[in-house]
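The structure appears below as structure tokens.
Side chains included, hydrogens not; waters and symmetry mates left out as well; all remaining heavy atoms used. These figures come from a predicted structure and were not determined experimentally. All residue numbers in this chain count up from 1 along the given sequence.
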Amino acid sequence: MPSIRRGSERGQVNLGWLQSLHTFSFGHYYDPEHMGFSVLRVINDDTVAPGMGFDTHGHRDMEIISYVLQGALEHKDSKGNHHIIPAGEVQLMSAGTGIAHSEYNYFATEPTRFLQIWIRPGSKGLSPGYAQAKIKQEGPLTPLATPDGQYGSLVIHQDASLYRLKLSEGETYTLNADNRWGYLHLVEGSAQTAEIWLKPGDAMGLTAQESATVTATAPLEALWFELPPG
């Protein structure tokens, strides 16, 4: 039976300039029942007020993915990278031995919303790296980040893959973890499986040999993670 994480039960943060929903324990939100899933450590749904953002801060030994849903992010880091990430693009920052960066809403008049995702790397002490791309949807399931950069996806330093799932209303897709673990996070739309209804923010975890056939009950966008067991 898949494990379900309801979006309505996520941790909530309201800093005025930042509205954030935490799928897993993060910052001041602590939930021992939701510390991550396999090597997936963070999924934060962040909405940043116009002109505001995260001041320069450091990371190390983490693969950090930002997927912009609305607006645009302005990124600057200690390796000299300075980029704008508009809606629809995905950014991957490998923190490695250490990197400091800032993230701001690029726009002064509209909010920016993005998913911040942390995945533990396969090994520590890697060289920091940065990449971003606008990846065209090819079929229902399109790779955004993979270990080998398949089909133009970004390269992640872990035996894990991130895909974007898009379905029209009434379409179905079978998710199969095989010998791995799988995690589906619903971004927009709604869906049902044989036993479960899913709304935006809901998530479903599959362990090895489990599968689930998802039927979109409204136009659907979701992220699907394939992760090492454990």
Supply the atom-to-atom distance [X] [atom1] to [Y] [atom2], rounded to the nearest 0.5 angstrom.
| X | Y | atom1 | atom2 | result |
| --- | --- | --- | --- | --- |
| Glu171 | Lys166 | CD | NZ | 12.0 Å |
| Glu103 | His57 | CD | NE2 | 5.5 Å |
| Lys79 | Ser127 | NZ | OG | 8.0 Å |
| His157 | Met62 | NE2 | CE | 14.5 Å |
| Arg10 | Leu21 | CZ | CG | 4.5 Å |
| His22 | Asp31 | NE2 | CG | 12.0 Å |

Which atom pair, heavy atoms only, marks the closest approach of [X] to [Y]?
| X | Y | value |
| --- | --- | --- |
| Leu206 | Ala212 | CD1-N, 4.2 Å |
| Thr146 | Pro143 | CG2-CB, 3.8 Å |
| Glu210 | Gly205 | OE1-O, 4.2 Å |
| Asp55 | Ser102 | C-CB, 4.0 Å |
| Ser153 | Ala145 | CB-N, 3.8 Å |
| Gly189 | Pro200 | O-CD, 3.0 Å |

For [Y], is there any backbone N or O sitting under 3.5 Å from a side-chain donor or acceptor partner on [X]?
| X | Y | result |
| --- | --- | --- |
| Thr142 | Arg164 | no |
| Gln150 | Gly152 | no |
| Gln192 | Glu195 | no |
| Asp61 | Ala95 | no |
| Asn105 | Ala108 | no |
| Asn44 | Asp46 | no |
| Gln158 | Arg120 | yes |
| Thr193 | Ile196 | yes |
| Thr215 | Thr172 | no |
| Thr112 | Ala72 | yes |

Cluster partners of [X], using ILVMFWY side-chain heavy atoms under 4.5 angstrom, listed by chain and number?
| X | value |
| --- | --- |
| Met35 | Tyr30 |
| Val90 | Phe24, Phe37, Val39, Leu40, Ile43, Ile65, Tyr67, Leu69, Leu92, Leu115, Ile117, Ile119, Ile135, Leu144, Leu154, Ile156, Leu162, Trp181, Tyr183, Val187, Leu223, Phe225, Leu227 |
| Ile84 | Tyr106, Phe107 |
| Val155 | none |

**Message:** Less than 3.5 Å apart, any donor N or O on the side chain of Ser161 or Glu226 sitting next to an acceptor on the other?
**Reply:** no
**Short side-chain donor-acceptor distance under 3.5 Å, Gln209 and Asp178** = no
**Request:** Tell me whether Phe114 is reachable from Met52 by hopping between hydrophobic residues (I, L, V, M, F, W, Y) whose side-chain heavy atoms are closer than 4.5 Å.
**Result:** yes
Could you list the residues that satisfy salt bridge (charged side-chain N to carboxylate O under 4.0 Å, His left out) with [X], not counting sequence neighbours?
| X | result |
| --- | --- |
| Glu110 | none |
| Arg6 | Asp202 |
| Asp159 | Arg180 |

**Prompt:** What residues, two or more places apart in sequence or in another chain, satisfy ring-ring contact (aromatic ring centres under 6.0 Å, His included) together with Trp17?
**Reply:** Phe54
**Asked** Tell me, which pairs form a ring pair (Phe, Tyr, Trp, His ring centres under 6.0 Å) where one or both residues lie in residues 116-137, sequence neighbours left out?
**Response** Phe26-Trp118, His59-Trp118, His75-Tyr130, His83-Tyr130
**Request:** Just jot down the side-chain hydrogen bond (donor to acceptor under 3.5 Å, both in side chains) partners of Glu74, sequence neighbours excluded, or say none.
**Result:**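 Listed in chain order: His82.
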**Complete:** side-chain hydrogen bond (donor to acceptor under 3.5 Å, both in side chains) filter on Thr97, not counting sequence neighbours, yields none
**Message:** Within the 4.5 Å heavy-atom criterion, are Asp45 and Arg113 side-chain neighbours or not?
**Reply:**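 The answer is yes; the side chains approach within 4.5 Å.
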**Asked** Does Ala222 have any side-chain contact (heavy atoms from CB on, under 4.5 Å) partners at least two apart in sequence or in another chain, and if so, which?
**Response**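 So Ala222 forms a side-chain contact (heavy atoms from CB on, under 4.5 Å) with Leu165, Leu184, Leu186, Leu220.
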**Request:** Could you go through the side chain to side chain contact (heavy atoms under 4.5 Å, CB included) check for Met93 and Ile64 one step at a time?
**Result:** CA-CA 5 Å; Met93 186 178 72; Ile64 300 173; 3.9 Å; yes
**Stepwise side-chain hydrogen bond (donor to acceptor under 3.5 Å, both in side chains) test for Gln116 and Ser66** = CA-CA 5 Å; Gln116 181 179 173; Ser66 295; over 6 Å; no
